[in-house]
Amino acid sequence: MKNRVLVYHKVDVRPELGAGCISPKRFSQQIEHLLNRGFEFGTLYDIRKNQNKTKLIALTFDDGYQNVFLYAYPILKEFGIPATLFLITNFLGAQNTWDVNLGGIKYQHLTIDNIAKLIDNGWEIGSHGVSHCMLAGMPTSTIREELRLSKQTLEQQFMTDVRYFCTPFGKLNRQIICEAQSAGYQGICGFFPFKYYKENPPDFIIPRLAVYSFDTLRALERKLANNWQIRFEIIKQNVVNFCANGTVIVHNLK
Ligand SMILES: [Zn+2]
């Protein structure tokens, strides 16, 4: 199995002690490095339509932070690279409330104007739910509302198709997958399940690997490798996610 999708959260100049924030300088180095290695960039839709183009990869930005517009977009624009945003409808233009980072920084989410500008420049939007709640274990009615209402809100607001759903906190199960299919999505993103290291996932499931603040350029290449090297990155993602679940617990205790 080959991974063709990278996940970013924040690209910001403010140093944060977590794994999810990359400095603009580092982000720029990563993009230049991948371009030098012959990779091309498209949206999720592009890569799924061009399965044979193995060097075509997609950048996805989860949660829709405003720093993506301020710092990542200008860098990508310079190279004519589009990306895919996963937005949370309750947080459009709002301040983040669930992210417990060690720097105590409160992050702002993208405004409607920011998003419209990104779409105008070829970016794609997907849904990351209404409220960024953990869907696994939720009642069916909640899962349905998170999937359907967020899709409808984004499509009406931005007059564009919302084809993909990205489940908050990465946890997928059969029920979420079925509900996403009946809500009209064409694909769903979650963690990169370890079993897909060897076997191909069902077409509806889009595996991705996250880029962390401590990742080297070598690690970045491993995430896109078509051999055993990707294993290490899948294990790394599982460990980071395990630790990140701590932030959910901390938040719930507050
Ligand atoms: Zn998220």
Side-chain angles (χ1 to χ4, degrees), residues 7-24 27 59-74 76 83-121 123-136 138 141-171 176 180 183 185 189-190 210 213 244-254:
V7 185
Y8 287 89
H9 284 85
K10 303 161 192 150
V11 177
D12 206 311
V13 286
R14 292 177 293 180
E16 177 198 289
L17 293 171
C21 189
I22 313 249
S23 77
F27 180 72
L59 304 175
T60 58
F61 291 90
D62 283 13
D63 303 338
Y65 290 108
Q66 196 173 36
N67 49 41
V68 171
F69 182 78
L70 298 175
Y71 302 109
Y73 167 60
L76 295 176
T84 301
L85 286 170
F86 280 110
L87 302 166
I88 311 149
T89 53
N90 271 359
F91 286 93
L92 301 177
Q95 202 173 58
N96 181 275
T97 53
W98 80 86
D99 180 50
V100 185
N101 63 76
L102 295 170
I105 303 169
K106 285 271 182 222
Y107 288 95
Q108 197 68 31
H109 288 270
L110 291 158
T111 64
I112 286 171
D113 285 352
N114 294 156
I115 299 161
K117 178 141 194 221
L118 293 173
I119 294 171
D120 278 349
N121 280 275
W123 284 46
E124 171 186 53
I125 59 167
S127 169
H128 199 30
V130 174
S131 63
H132 203 271
C133 68
M134 169 86 83
L135 293 184
M138 280 286 174
S141 56
T142 308
I143 297 175
R144 250 173 226 172
E145 173 155 313
E146 288 280 333
L147 287 159
R148 286 165 192 254
L149 185 60
S150 59
K151 185 175 195 298
Q152 191 191 340
T153 305
L154 292 172
E155 287 181 343
Q156 281 173 0
Q157 178 71 54
F158 299 105
M159 307 291 284
T160 183
D161 285 340
V162 170
R163 301 185 180 96
Y164 310 108
F165 184 79
C166 168
T167 190
F169 308 104
K171 208 166 172 195
I176 299 168
Y185 289 101
C189 299
S213 53
N245 282 339
T247 68
V248 182
I249 295 160
V250 169
H251 181 65
N252 288 341
L253 289 174
K254 277 176 137 183

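All heavy atoms count here, side chains included; hydrogens, waters and symmetry mates do not.
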Could you measure the distance from the [atom1] atom of [X] to the [atom2] atom of [Y]? Nearest 0.5 Å is fine.
| X | Y | atom1 | atom2 | value |
| --- | --- | --- | --- | --- |
| Ile115 | Phe69 | CD1 | CZ | 10.0 Å |
| Ile88 | Tyr65 | CD1 | OH | 6.5 Å |
| Ser127 | Glu155 | OG | CD | 9.5 Å |
| Thr89 | Lys151 | OG1 | NZ | 13.0 Å |
| Asn67 | Lys10 | CG | NZ | 7.5 Å |
| Leu87 | Asn90 | CG | CG | 12.5 Å |

Please find out if less than 6.0 Å separates the ring center of His132 from that of Phe169.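 Yes, the ring of His132 comes within the 6.0 Å limit of the ring of Phe169, centre to centre.
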For the ring pair Tyr164 and Phe86, is the centre-to-centre distance below 6.0 Å?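 Centroid separation for Tyr164 and Phe86: 6.0 Å or greater.
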For residues [X] and [Y], determine if any side-chain heavy atom of one lies less than 4.5 Å from a side-chain heavy atom of the other.
| X | Y | answer |
| --- | --- | --- |
| Leu59 | Leu76 | yes |
| Cys189 | Thr167 | no |
| Leu135 | Phe165 | yes |
| Val68 | Trp123 | yes |
| Leu110 | Leu92 | no |
| Tyr185 | Val162 | yes |

Any donor-acceptor N/O pair, Glu124 side chain to Leu85 backbone, under 3.5 Å: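 Checking the backbone N and O of Leu85 against the side chain of Glu124, no donor-acceptor pair under 3.5 Å is found.
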Is it true that the side chains of [X] and [Y] contain a donor and an acceptor less than 3.5 Å apart?
| X | Y | answer |
| --- | --- | --- |
| Ser131 | Glu146 | yes |
| His109 | Asp63 | no |
| Gln66 | Asn114 | yes |

What's the verdict on side chain to side chain contact (heavy atoms under 4.5 Å, CB included) for Lys117 and Tyr73, showing C-alpha distance, side-chain angles and the deciding distance? CA-CA 10 Å; Lys117 178 141 194 221; Tyr73 167 60; 4.1 Å; yes
Would Thr60 and Cys166 count as a side chain to side chain contact (heavy atoms under 4.5 Å, CB included) if you check the C-alpha gap in whole Å, the side-chain angles of each, and the deciding distance to 0.1 Å? CA-CA 10 Å; Thr60 58; Cys166 168; over 6 Å; no
Start with the C-alpha distance between Tyr107 and Cys21, add both sets of side-chain angles, then the distance that settles side chain to side chain contact (heavy atoms under 4.5 Å, CB included), and finish with yes or no. CA-CA 11 Å; Tyr107 288 95; Cys21 189; 4.2 Å; yes
Does the side chain to side chain contact (heavy atoms under 4.5 Å, CB included) test come out yes or no for His128 and Ser150, once each step is laid out? CA-CA 8 Å; His128 199 30; Ser150 59; over 6 Å; no
Heavy-atom closest contact (His9 atom, Gly20 atom, distance):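 In this case the closest contact between His9 and Gly20 is CB-O, 3.6 Å.
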Minimum-distance pair of heavy atoms, taken over all atoms of Phe158 and Ala116: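 Minimum heavy-atom separation between Phe158 and Ala116: CE2-N, 4.1 Å.
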Crowding at CD, Glu145 (>12 non-hydrogen neighbours, <6.0 Å):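 Result for CD/Glu145: open.
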Should Arg14 and Asp12 count as an ion pair when the cut-off is N to O under 4.0 Å?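 Here Arg14 pairs with Asp12 in a salt bridge, since their nearest N and O are under 4.0 Å apart.
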